[in-house]
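For reference, the structure discussed in these notes is given below.
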Amino acid sequence: MTRRPDGIRGTTIAGTGMYVPERVLTNRDLEKLVERTGIRERRIAAPEQASSDLALIACRRALEMADVDPKSVDQIVLATTTPDRILPSCACTLQQKLGASKAAAYDMFAACTGFVFGIGLARGLIGSGVADTVLVIGVETLSRIVDYTDRNTCVLFGDGAGAVVLQACETGVGVHAVDMHSDGELGEVLEVPAGISRNPASDHTVAAHEHYIRMQGKKLFPFAVRSMEDSTRRCAEAAGWTPADIDLFIPHQANLRIIEGVRERLGLAEDKAYVNIERYGNTSSASIPIALDECVRSGRLKPGDKLAMAAFGGGATWGATAMTWTLAAQRAGEAGARHARPQREAVS
C-alpha cells in the first residue's frame, strides 16, 4: 500500500481517452462459453495496426479533453503485454508518433494490472515534483498472441487502448491510495511460454504454439476474486471510506463471474460496478482505462464521486486505487461529443 505523505502534491485525472478497432469478432458459435464468461464480442486490430497505433488515438483524445499539448507531457508510462516490438519500447514509438518530444517514455510489463501500477507510478512522480503531467496508457493487441485453436482462451481476449492524463491537484481529492502487489510463485498460471531469453523463438516453439497465451483458469479464479476484493478494501480504508461509500467501481474486465464475485464480496449494488466485458472481452491493461473513458464521456462520473478501480493479472500481479473524482462532467461531455464512435464491421 502506498499512501500520500504530508506535504506531497495531490494527483488527479485531467483527461481520458480510448480507442477500439473497428473489426468485431463475436462468440456466436461458442454460446456455452459465452454464458460462462459474459463475453459476446471483442474488437480485433487491423493487420496494419500495432499497439502504438491504438494508443496514439486514445492519447490524443485524452490530451484533448485535458487541453494539454503533447509537448507539455513530462512522462509517458505505457502498460502493455503486446508491444510493437521488444526494442525500441512501445512507449518510445508512441512518443515519436504523438510528438511528445520532452517526455521520458517507457513500457511497464505488469499484465492486466499494468494500468493500476501506472497510476501508482504517476502519483509518485507528480506528488514528489519530478513531473507535472504524466500520460498513462493501457494498450493491447492480444489477438496477435491468442491461439484460436485453444477454446479456453480464444473466446476471452480482445484489442484496444485507453489513456489518462494525470496532473497535480490540491490534497484531499484526486488519488488517495494505490495498492500494488506481485507474486512470482503464480507465474505459470497465466503465461506466454516462449519468445525471449528463457525460451527463444525456434521451429520447435512455433510448432508447439508456445508464443501464445496459456492460462490455468481454475487456479486463477479464486485468486482473482480474493485479490481484487482485498486491494479494494485496503484502498477504501486508506481513503477513509467503507466499501459502501464507493460511488463507482471499475474492475478489470476479465470474466463476468469474477466481476460479480468481487462486487458481491464488497457488498456493492449492481449499478455501482461498471461492466462492458460483453462488448470488448478481456483487453488486459486496457480494460480499466477503456471502461473509465466510457464512464466519463457518458456523464457517469461527477466531481466529488468516490471511484475505485481494481485489477489482477499474470505475474501474478494485482492492485487497486481509490480516488475522489475532480473532472467536471460537462467538460468530459463536450470532449466526448467530438468523437463519434467508428462504424463496426461484424465478423462471426
Side-chain angles (χ1 to χ4, degrees), residues 20-30 33-34 37 39 41-56 78-94 97 106-114 137-161 182 184-220 254-255 280-287 312-317 345 347-348:
V20 291
E22 295 182 13
R23 183 186 174 198
V24 177
L25 181 64
T26 73
N27 282 357
R28 187 178 306 159
D29 298 324
L30 299 166
L33 290 176
V34 172
T37 65
I39 301 168
E41 62 186 40
R42 85 278 296 128
R43 301 300 182 92
I44 304 296
E48 68 275 10
Q49 286 181 312
S51 288
S52 65
D53 299 312
L54 276 57
L56 177 64
L78 189 147
T80 189
T81 308
T82 51
D84 294 18
R85 47 198 163 169
I86 295 299
L87 186 68
S89 72
C90 190
C92 283
T93 302
L94 172 65
K97 292 180 178 181
Y106 41 95
D107 290 356
M108 174 178 290
F109 288 88
C112 305
T113 320
I137 307 105
V139 59
E140 303 289 357
T141 48
L142 293 170
S143 61
R144 308 287 165 80
I145 59 170
V146 167
D147 182 355
Y148 284 98
T149 68
D150 179 3
R151 291 167 61 89
N152 292 319
T153 58
C154 71
V155 297
L156 302 177
F157 298 102
D159 303 337
S182 302
E185 293 292 332
L186 298 172
E188 293 184 356
V189 175
L190 183 61
E191 66 170 343
V192 176
I196 314 298
S197 62
R198 173 62 62 188
N199 194 12
S202 66
D203 291 345
H204 169 75
T205 63
V206 172
H209 290 203
E210 293 182 348
H211 298 268
Y212 296 122
I213 296 172
R214 292 184 180 177
M215 183 176 68
Q216 300 177 38
K218 290 183 179 179
K219 292 184 179 180
L220 199 60
N255 179 297
Y280 303 127
N282 181 347
T283 56
S284 187
S285 66
S287 77
F312 71 94
T317 60
E345 175 193 352
V347 178
S348 61

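Just so you know, these numbers come straight off a predicted model, no measurement behind them. Heavy atoms only: backbone and side chains are in, while hydrogens, waters and symmetry mates are out.
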Let me have the donor-acceptor pairs involving side chains of residues 78-92, under 3.5 Å, with sequence neighbours excluded, atom names and distances please.
from  : atom 1 : to     : atom 2 : distance (Å)
Thr80 : OG1    : Thr82  : N      : 3.0
Thr80 : OG1    : Val139 : O      : 2.7
Thr80 : OG1    : Glu140 : OE1    : 3.4
Thr81 : OG1    : Glu140 : OE2    : 3.4
Thr82 : OG1    : Glu140 : OE1    : 2.8
Thr82 : OG1    : Thr141 : N      : 2.8
Asp84 : OD1    : Ser51  : N      : 3.3
Asp84 : OD1    : Ser52  : N      : 2.9
Asp84 : OD2    : Ser52  : OG     : 2.6
Ser89 : OG     : Cys92  : N      : 3.0

Applying side chain to side chain donor-acceptor pair (under 3.5 Å), can you list everything that pairs with [X], at least two apart in sequence or on another chain?
{"X": "Asp53", "value": "Lys97"}
{"X": "Thr153", "value": "Asp150"}
{"X": "Thr113", "value": "Thr317"}
{"X": "Tyr106", "value": "Gln75"}

Could you pull out the closest heavy-atom pair between [X] and [Y], with the gap in Å?
{"X": "Glu191", "Y": "Gly187", "value": "CB-O, 3.9 Å"}
{"X": "Ala111", "Y": "Gly313", "value": "CB-C, 4.1 Å"}
{"X": "Arg144", "Y": "Ala46", "value": "NH2-O, 2.8 Å"}
{"X": "Gly138", "Y": "Ala286", "value": "O-CB, 3.2 Å"}

Handout entry: N/O donor-acceptor pair under 3.5 Å between Arg42 side chain and Val155 backbone
Key =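 A pair under 3.5 Å: yes.
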If I take atom [atom1] from residue [X] and atom [atom2] from residue [Y], how far apart are they, to the nearest 0.5 angstrom?
{"X": "Ser287", "Y": "Phe157", "atom1": "OG", "atom2": "CZ", "value": "11.0 Å"}
{"X": "Asn255", "Y": "Phe312", "atom1": "CG", "atom2": "CZ", "value": "7.5 Å"}
{"X": "Arg43", "Y": "Arg23", "atom1": "CZ", "atom2": "CZ", "value": "12.0 Å"}

Exercise for the section: Check whether any side-chain heavy atom of Asp159 sits under 4.5 Å from a side-chain heavy atom of Leu142, and report yes or no. Expected result: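 With C-beta onward as the side chain, the pair touches.
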Let me have the donor-acceptor pairs involving side chains of residues 207-220, under 3.5 Å, with sequence neighbours excluded, atom names and distances please.
from   : atom 1 : to     : atom 2 : distance (Å)
His209 : ND1    : Asp147 : OD1    : 3.4
His209 : ND1    : Asp147 : OD2    : 2.8
Glu210 : OE1    : Asn199 : ND2    : 3.0
His211 : NE2    : Thr205 : OG1    : 2.8
Arg214 : NH2    : Ala208 : O      : 3.1
Gln216 : OE1    : Lys219 : NZ     : 3.1
Gln216 : NE2    : Glu188 : O      : 3.1

